[in-house]
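What follows is a set of notes on a single structure, which appears directly below.
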Number of protein chains: 2
Amino acid sequence: MPADSSSAPLAAAPAASSDQPERISDAEHAVMEVLWQRSPLTAAEVCEQVCEPRGWSLATVKTLLSRLVTKQALATEPDGKRFLYSPRVAREAYVGSESRRLVDRLFGGRAAPLFAHLAESDALTEDDIAEIEALLKELKS
Amino acid sequence: MPADSSSAPLAAAPAASSDQPERISDAEHAVMEVLWQRSPLTAAEVCEQVCEPRGWSLATVKTLLSRLVTKQALATEPDGKRFLYSPRVAREAYVGSESRRLVDRLFGGRAAPLFAHLAESDALTEDDIAEIEALLKELKS
DNA sequence: CTCCATCGTTTACATGCGTAATCGACTACG
DNA sequence: CGTAGTCGATTACGCATGTAAACGATGGAG
């Protein structure tokens, strides 16, 4: 990508302007989880949390962090020579959109069928049922 | 693949031996939905159902069908010069694994938090709630 | 019998993702 | 001050996916 690089004020990246939150991939999601738990963190600190379990190298984590920054899912704050990363999208929002995606794709947007499915496939434990019952009671109030 | 085509009973493809059901992608899923609704169908018939809404060409559908056959998600049955395609994995199974995937990734495998989330984000309609209540009552019996 | 419409199969190509090595800048140790 | 370690950025590369055109066989129309 030789040639200039200035001219336009900014824009540049293919990360669109500001429409949807830009999908977060599976591997990226693992990184997000770490930062949702505690932040801001440096790349090395994030690695400490995920490299072992996922069998990743620091390099991989760095790549994922960069991509997440590009996707505007993470914010960076300089700290001496390195960066501190912190989530820019709330976990709530992410979880919400992912859940909705699934419900839309698989259950025509209705949550009840999802629940029915979970129930039928024994994916619900006693505790789950009790909890849900409690929530229901609350909703009805 | 020129050369023979017989010899081995089947296998061939890199689709592993017989472990997990092999992930179905988003576009592929759209094709599956058509066949889950009615099958067996020819490629052209599938196209009639999805090409318009998704803006696809018949060629695209053909590719997706092939990939699904490779993934063992579809079975083919010769019908004169063409093939009839039908699902090899039940919708139930697909929906189940996808749901479980989400619940695992986002809610630590517990269904109750998912439900709580849906409830909080107003993703539950009156009807949903009523339905779920009914299901709960049934479960408790 | 010949030619065309169709099939399924092959090949194509851009983008995204998983995973990482390499590179240029900078800092801290000696 | 030079050198080794570390940082983010750049580059890499193979596989999956979305989307489709090109190709070769074949069956039906004339």
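Below, read A as the first sequence line, B as the second, and so on, with proteins coming before strands; counting in each chain starts at 1.
- Counting any heavy atom pair closer than 4.0 Å across all strands shown, B:Thr42 reaches no nucleic acid atom.
- Between the side chain of B:Lys81 and the base of C:dT6 there is at least one donor-acceptor pair of N/O atoms closer than 3.5 Å.
- Among the nucleotides D:dA20, C:dC7, D:dA9, the one closest to any side-chain atom of B:Ala59 is D:dA20.
- Using a cut-off of 4.0 Å between Lys/Arg side-chain N and Asp/Glu carboxylate O, B:Arg110 and A:Asp127 are scored as not salt-bridged.
- Rounded to an integer number of Å, the gap from A:Leu64 CG to C:dG18 P is 7 Å.
- Residue contacts for A:Arg23: at a heavy-atom cut-off of 4.0 Å it reaches no nucleic acid atom on any strand shown.
- For the pair A:Thr60 and C:dA20, the criterion of a side-chain N or O lying under 4.0 Å from OP1 or OP2 is met.
- Atom CZ of A:Arg67 is separated from atom C1' of D:dG8 by 15 Å (rounded to the nearest Å).
- Contact annotation: A:Lys71 reaches the phosphate of C:dC17 (side-chain N/O to OP1 or OP2, under 4.0 Å).
- Listed pair B:Thr63 / D:dG18 fails the phosphate criterion, with no side-chain N or O lying under 4.0 Å from OP1 or OP2.
- Going from atom CD of B:Glu28 over to atom P of D:dG18 covers 6 Å, rounded to whole Å.
- Between A:Lys71 and A:Glu28 there is a salt bridge, since a side-chain N of the basic residue sits under 4.0 Å from a carboxylate O of the acidic one.
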